[in-house]
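The block underneath contains the structure these notes are about, expressed in structure tokens.
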Amino acid sequence: MKVFYFSESNYRVSRIRSLIETAVDGEYVDFLHFPLNDLLYFEDYEEGKTLIIDLSPWDEILLPSLINPLKILEKSGCLVEAKVFVILGSKPTPKVEATLATCPLIQSMYVVGGDQDVFFNFLVQELTGKANPIEFAALKGMNVETPCLFPISLRKFKKEYAIFASHNQIPWEKIEVQDSLFEYFSLNEVSLRDAKRKEKSFEYTFSLPLVNHKGALKKGEVNKGTFEGHINKQMNQFLQNQNDVAIIGEGEYFKRIASLMDYESNSHVTHYEDFTNIFHDLNKLQPELIILNLNDLEEDNEGEKLYDGLSTEQCQALFEEIKKISFYSPVIIVFNSKSDSGTLQDLFGYQKILSLNHDPSREFILNLINKYRSSTQREITLEKLIYPRPEHPFSSGWVKSTITLHEISESNVTFSYQGEIILGSWIRLEFPFPLSLYVYEESASNCGANFKGYKGKIMGLFGLEEYKLRVFINLAFQDPQEFLKYYVNHPTFLKDHLDKHLKGLGVPNEEELAEKKRVEADYLKKLAEEKEKQKEKENEPTP
């Protein structure tokens, strides 16, 4: 079995390797460690692979390094049947968890300091195909309705409507939206206009509830000007395609970079392997920025002339096509050129050329696009489509709904839902207390023809949640149905009841657990700073 471990540091590599090797009981594990930035260029197409992505302890800082590459890898088919697990340094907020939940590739998360046994049993079960050897006590036969949250992602919006996507079928009625862009404006209730079933998701069109008048606004009312003003104050968190960019270069490397730039820049970025198709699109799209990879002639061992990248002869044809289009003069950026900008300008008879004599990188190209964009930046307007950045909390949220609980243990939940849930989805239980579930299997339902049954694995138990769940199961074990029915209507009573039991057991409180996490985070930060200083010292030029 093959495990790919991506992390920003080497701090936990040996620990994770050891835990996996111990848990699989002697079976061989091919454990490979890579920097987190290498995730974008992952190209192992073997089935049955497992990816562990460690964001701790800088979870929210590193989150953008995870969400966009995962979505690109899924789209390109590199993670077919892959198992993806995420390690976090602290319990994610509901907003951050909603962002993670929009990536159905993520099958489980582990919060450092949390229930290690549950997480690694789940991981090993996925690695080996063997059933979980640990049996947990379970509450059965409950059949109690309880509130839950379904994750949604805001794909795009303009003044008339907004389009959400979800891996769950949402009831056709006014619904409550939490932790998204619209919560900022207290626009929590929205009305569905249209719904479409996609291959692996549902797409919903909502009316954007903006009032037309410009006068004094009542509480909960928002007009177009107020909405646009807020969007432009946080312009870097939103995309509105204001430029077209073409990236020309051979291979999967350039294709991935172009895909990522399309996510991360305020531009529509198109990738071309060569000049064949760009000539067809040049007049129609007229990209304002063209990035290409130019390599000089090289010779192999037998003296044969080879091209690695584009030749100057090929580029000459591009400039001839550009000159044919009236009032069109894009900026051309050339990588891997041994000639300076002036030489290329004279060679091609074109002045707007920037020549660079090094390889392109994700960070460098994004910086170039952003610098060009900032020089031509226009205010974002609701007259055109606006795209929230996929990694930003504004782009994700939760929809409130209801499920019927049948069975719950320390590791699994069985429930019914009046609608369809695509396997691989996340949902979040609100009762008996917040619990995140990975829906992995369909099951029988006794709630009628309109209901479907599902099984979900509990993810990311941390701190008091572990104790609460165990105490809750013990308290409700004799008569779970009556116990739950009472406390669904009296959730505050349940919280007080659990707190009393936990205090009697000598369980640490939230403040003590938070302090423990803070000390660990400070230690890891200090360790990383020391390693960075050591690296800088090693890279200093020798006198």
Side-chain angles (χ1 to χ4, degrees), residues 37 40-41 68-69 72 236 239-298 307-378 389:
N37 278 344
L40 177 66
Y41 310 110
N68 292 334
I72 290 167
N236 290 334
L239 306 174
Q240 190 164 68
N241 291 342
Q242 298 183 357
N243 315 103
D244 274 288
V245 176
I247 295 181
I248 309 170
E250 294 179 344
E252 190 68 19
Y253 178 81
F254 275 87
K255 184 179 179 181
R256 298 273 178 86
I257 283 183
S259 296
L260 195 67
M261 296 306 100
D262 202 40
Y263 273 102
E264 294 184 337
S265 70
N266 258 346
S267 305
H268 177 245
V269 181
T270 307
H271 171 251
Y272 299 93
E273 284 278 352
D274 51 39
F275 293 120
T276 306
N277 292 320
I278 193 174
F279 288 159
H280 178 266
D281 292 346
L282 203 59
N283 192 41
K284 178 177 66 176
L285 295 179
Q286 294 193 9
E288 295 150 84
L289 190 64
I290 298 177
I291 298 169
L292 52 88
N293 185 36
L294 174 67
N295 272 3
D296 290 343
L297 281 169
E298 295 182 356
Y307 286 114
D308 179 19
L310 306 169
S311 68
T312 53
E313 289 80 3
Q314 289 172 308
C315 292
Q316 185 66 56
L318 172 66
F319 286 101
E320 289 174 1
E321 288 295 320
I322 290 172
K323 292 171 186 177
K324 292 177 184 177
I325 302 173
S326 301
F327 307 108
Y328 176 53
S329 56
V331 174
I332 311 292
I333 298 174
V334 183
F335 283 97
N336 276 324
S337 173
K338 294 178 182 177
S339 304
D340 59 29
S341 300
T343 302
L344 290 185
Q345 289 167 5
D346 293 339
L347 176 64
F348 296 119
Y350 190 83
Q351 294 304 302
K352 296 171 75 170
I353 297 177
L354 173 63
S355 175
L356 302 165
N357 64 353
H358 55 78
D359 288 323
S361 69
R362 162 192 175 180
E363 293 77 11
F364 195 85
I365 290 181
L366 180 60
N367 189 41
L368 284 173
I369 293 175
N370 285 340
K371 279 187 174 179
Y372 179 76
R373 185 196 73 194
S374 63
S375 67
T376 59
Q377 183 71 56
R378 298 180 290 275
R389 291 188 183 278

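We count residues from 1, following the sequence as given.
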(message) What I'd like to find out is whether the side chain of Leu344 reaches to under 4.5 Å of the side chain of Ser337, using heavy atoms alone.
(response) yes
(message) Using side-chain heavy atoms (C-beta onward) and a distance below 4.5 Å, is Ile290 in contact with Ile322?
(response) yes
(message) Are the side chains of Ser355 and Asn357 in contact, using a 4.5 Å heavy-atom criterion?
(response) no
(request) Output all residues satisfying side chain to side chain contact (heavy atoms under 4.5 Å, CB included) with Asn283, sequence neighbours left out; order by chain, then residue number. (result) Gln286, Ile325
(request) For residues Val269 and Pro287, determine if any side-chain heavy atom of one lies less than 4.5 Å from a side-chain heavy atom of the other. (result) no
(message) Could you measure the distance from the CD atom of Gln345 to the CG atom of Asp340? Nearest 0.5 Å is fine.
(response) 8.5 Å
(message) For a 4.5 angstrom cut-off between non-hydrogen side-chain atoms, does Leu354 reach Ser341?
(response) yes
(request) For residues Cys315 and Leu292, determine if any side-chain heavy atom of one lies less than 4.5 Å from a side-chain heavy atom of the other. (result) yes
(request) Looking only at non-hydrogen atoms, find the nearest pair between Arg256 and Ile72 and report the distance. (result) CD-CG2, 4.0 Å
(message) Please evaluate residues Asp346 and Thr343 with respect to the criterion side chain to side chain donor-acceptor pair (under 3.5 Å), reporting the C-alpha separation (whole Å), side-chain torsions for both, the decisive distance (0.1 Å), and the verdict.
(response) CA-CA 5 Å; Asp346 293 339; Thr343 302; 6.0 Å; no
(request) Using the side chain to side chain contact (heavy atoms under 4.5 Å, CB included) rule, take Ile332 and Phe348 through it: C-alpha gap first, then chi angles, then the decisive distance, then the call. (result) CA-CA 11 Å; Ile332 311 292; Phe348 296 119; over 6 Å; no
(request) Just jot down the ring pair (Phe, Tyr, Trp, His ring centres under 6.0 Å) partners of Tyr350, sequence neighbours excluded, or say none. (result) Phe319
(message) To the nearest 0.5 Å, what is the distance between OG1 on Thr270 and CG on Leu285?
(response) 6.0 Å
(request) Output yes when Lys324 and Glu321 qualify as a salt bridge under the 4.0 Å nitrogen-oxygen rule, no when they do not. (result) yes
(request) With sequence neighbours excluded, tell me which residues meet ring pair (Phe, Tyr, Trp, His ring centres under 6.0 Å) with Tyr328. (result) none
(request) Search all heavy atoms of Asp281 against all heavy atoms of Tyr272 and return the closest pair with its distance. (result) OD2-OH, 2.8 Å
(request) First locate atom NZ of Lys323, then atom OG of Ser329, and finally report the distance between them rounded to the nearest 0.5 Å. (result) 12.0 Å
(request) Could you tell me the separation between the CD1 atom of Ile248 and the CD atom of Glu273, rounded to the nearest 0.5 Å? (result) 11.0 Å
